[in-house]
Amino acid sequence: MTQSPGQGKALDNLLTESRTFPPSDEFAAQANAKPELYEEAKADREAFWAKQAERLHWDTKWDQVLDWSDAPFAKWFVGGKLNVAYNCVDRHVESGHGDQVAIHWEGEPGDSRAITYAELQREVSKAANALTSLGIGAEDRVAIYMPMVPEAIFAMLACARVGAMHSVVFGGFSAEALRTRIEDSSCRLVITTDGQYRRGNPAPLKPAVDEAVAGAPSVEKVIVVKRTDTEVAWTDKDVWWHELVDSQSDQHTPEAFDSEHPLFILYTSGTTGKPKGILHTSGGYLTQTSYTHHHVFDLKPDTDVYWCTADIGWVTGHSYIVYGPLSNRVTQVVYEGTPNTPHEGRHWEIIQKYGVSIYYTAPTLIRTFMKWGADIPAKYDLSSLRVLGSVGEPINPEAWIWYRENIGGGKAPIVDTWWQTETGAIMISPLPGVVATKPGSAQRPLPGIGAKVVNDEGVEVEHGGGGYLVLDEPWPSMLRGIWGDEERYKDTYWSRFADQGYYFAGDGAKYDSDGDLWLLGRVDDVMNVSGHRISTTEVESALVSHPTVAEAAVVGASDATTGQGIVAFVILRGGAGDDAGGAEAIKALRDHVAKEIGPIAKPRQIMVVPELPKTRSGKIMRRLLRDVAENRAVGDVTTLADSSVMDLISAGLQSGKSED
Ligand code: PRX
């Protein structure tokens, strides 16, 4: 094969974006974040983080900001002591805000609850007393397997209050997934509900717990919250929440724990093998979640109504529903259900009802809203919105613009926040009011964070160049390890650039000519076409920027001539009509990609499909699409949110193959 120009580069930089949106003077003037923050952090990073830690109440002050002598095992705020739950609840009551609503909870069937900080304090205290009554204390592991009900948040905070570690397992996971997670960290207690609402109907949840617990001998008790009032089988380990918790005293004195006391484990999947139990600790984690939530979302605790649409089963729910927001005395909306129950305007109806001013969601949902049509949000009053956020995957510039125009009224700044379960808190994001935002770019590391894009040798690439995203400085909310597996922790994150001592995030990234950072997806989603490494994300963004395309997923399929060929799966927009799937339209799409990125990125094949295979957290399962693209039997579909999707795709394929 001849040497092509892209060879040897970590990732080619092909797509360009020139639109920018500076903050209004009005926004900048009132913003929590000021430009000096960058300078301050640069001048003395540790002093900067020490100042951020002052946001919290410490029972004992630390005597060392960072101990990195045992790298990659960090210690932050060494010697400090605090109680995380006290910081998220009690201190707000003590400062006179007991009557402020902490949580506007909206149930899927339309029931709702407003929970003040005073009430939250009583609920968390009762739950903490209940844990103590069961003998659960410091460093015990508690599995929480629940839908988005207030008790899930009470349970997390109660664990934090008594120093127990929670391991929240997403309520959409199977009994077997729950069992392996319970087993890996030997949980002594499980907290769950009888059932959960899913798309308008009660669905059972406890049977999965029964099955998991039957195979997990470490579990001594199961606390069950009554949510759907469905009949459930009962074992001698089970106890009702309303019987155990509601009979406890609502007074509880929190104990201060070491800054490095473990706070939680959260399982995340790797490329291979069993899920990794990501371990987070207390002082550093709370410092960075609090700091980022305050500056990135510009939260004003007296006037804002904040809404993060994540589930507490994911890290976003931990850091940006529970710990960051509550430590900042937020008033927030927590919604139990799906976005189209009972209708596709549910989110906009909730925003209108509560006057939500800050809305944080995921690109996959934004693209779904695009597919449903802009006329739906247009029916609601969204004028309260003043900051929008995005997280979880690269946001395509077109989705970004749609979000800005149709949800943000053409003016709310959008913060595209890059981070991971492992990083614990936001690492890369524009600061609203300081940075002129750019559609599709996460832009720059936050003050205090060190991140860069490097090539295969670990050398930083130039502006305009692509490569691997690394974090080159320890940060307060960094994972402290993988539960029970030190070696896997070192191998997974610290071995790729061991000489430089960089944490490798597993993501491809590039700098544009202004030096702004663009995330290009996981490096295992990178295709290699004729020696050019091309990100699936860039081709997807190009496809989605075409007016007929609602959603696109791209995979590299093996190709005798070029190594890999690009195969695209596209969902057409509602109004695009059937003939849009014809040969003409497919040619138009291929030409469009060639125009947007260059001929090298022209998909070899485009298939029009009715749905894309996604995990329950909304990530596209490219592995399954690769099977289709390479004409293989489709592999394991058990982690798909909807396992019938692959049948739909295979049945309804209209494919267009290129001749040129
Ligand atoms: O690939 C990046 C992508 O999501 C990965 C982390 O996934 P998870 O641990 O599940 O956490 C998701 C919520 C923080 C990253 O390695 N990712 C997350 N946010 C972005 C993103 N990719 C691009 N842009 C983002 N804003």
Side-chain angles (χ1 to χ4, degrees), residues 23-24 26-33 92 96-120 148 150 153 293-310 316-317 320-322 324-362 365-366 369 372 374-391 402-415 417 432-433:
S24 66
E26 201 186 346
F27 192 101
Q30 62 81 60
N32 291 346
H92 307 318
H97 298 93
D99 291 338
Q100 179 180 334
V101 172
I103 298 169
H104 284 294
W105 179 76
E106 184 79 10
E108 192 184 84
D111 47 341
S112 63
R113 246 177 108 174
I115 300 156
T116 64
Y117 275 98
E119 212 177 326
L120 186 61
M148 292 291 286
I153 297 173
H293 181 257
H294 174 79
H295 289 96
V296 174
F297 298 107
D298 195 46
L299 181 88
K300 307 288 192 285
D302 293 327
T303 47
D304 275 317
V305 179
Y306 166 87
W307 182 16
C308 165
T309 70
T316 307
Y320 296 104
I321 293 178
V322 182
L326 293 174
S327 71
N328 289 335
R329 188 167 54 83
V330 77
T331 293
Q332 71 179 322
V333 169
V334 172
Y335 172 53
E336 180 185 36
T338 47
N340 52 352
T341 307
H343 58 80
E344 292 171 346
R346 187 71 190 266
H347 275 211
W348 321 127
E349 186 179 71
I350 292 173
I351 289 173
Q352 179 177 282
K353 174 174 174 186
Y354 293 105
V356 170
S357 53
I358 307 170
Y359 178 73
Y360 189 29
T361 195
L365 199 54
I366 298 166
F369 293 140
W372 291 343
D375 54 315
I376 296 173
K379 290 188 207 125
Y380 298 87
D381 177 6
L382 305 181
S383 60
S384 55
L385 288 171
R386 62 178 203 90
V387 179
L388 301 177
S390 171
V391 62
W402 187 94
Y403 194 28
R404 179 181 164 89
E405 294 303 322
N406 295 287
I407 309 303
K411 61 175 191 336
I414 298 178
V415 288
T417 62

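Excluded from the calculations below are hydrogen atoms, water molecules and symmetry mates; all remaining heavy atoms, backbone and side chain alike, are included. Not measured: the values here are computed from a predicted model.
Side-chain contact of Tyr403 with Thr361: a donor-acceptor pair under 3.5 Å is absent, judged by distance alone. Looking at Glu108 and Tyr335, their side chains never bring a donor and an acceptor atom within 3.5 Å of each other. Using modelled atom types, one finds no donor on one side chain facing an acceptor on the other under 3.5 Å when comparing Thr116 with Gln100. Neither side chain, His295 nor Asn32, offers a donor N or O lying under 3.5 Å from an acceptor on the other.
Interatomic distance, Ile351 CD1 to Ile407 CD1, rounded to the nearest 0.5 Å: 7.0 Å. Remark: Phe297 CZ to Tyr306 OH distance equals 4.5 Å, nearest 0.5 Å. The structure places OG of Ser384 at 14.0 Å from NZ of Lys353, a figure rounded to the nearest 0.5 Å.
Not a single donor-acceptor pair under 3.5 Å links the side chain of Gln332 to the backbone N or O of Ile103. Listed for the Asp304 side chain is no donor-acceptor partner under 3.5 Å among the backbone atoms of Leu299.
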#### Entry: Derivation and outcome, side-chain contact (heavy atoms from CB on, under 4.5 Å), residues Phe27 and Lys411
CA-CA 10 Å; Phe27 192 101; Lys411 61 175 191 336; over 6 Å; no

Contacts under 3.5 angstrom, residues 376-383 side chains, donor-acceptor by atom type, not counting sequence neighbours:
unit_1, atom_1, unit_2, atom_2, d
Asp381, OD1, Ser383, N, 2.9
Asp381, OD1, Ser383, OG, 2.6

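Scanning both residues, Ala374 and Asn406, for their nearest heavy atoms gives CB-OD1, 3.4 Å. Of all the heavy atoms in Met148 and Ala310, the pair that sits closest is CE-O, 3.5 Å.
Glu349 meets the salt bridge (Lys or Arg N to Asp or Glu O under 4.0 Å) test with Arg346; sequence neighbours excluded. Every residue meeting the side-chain contact (heavy atoms from CB on, under 4.5 Å) condition with Asp111, not counting sequence neighbours, appears here in chain and number order: Trp105, Pro109, Arg227.
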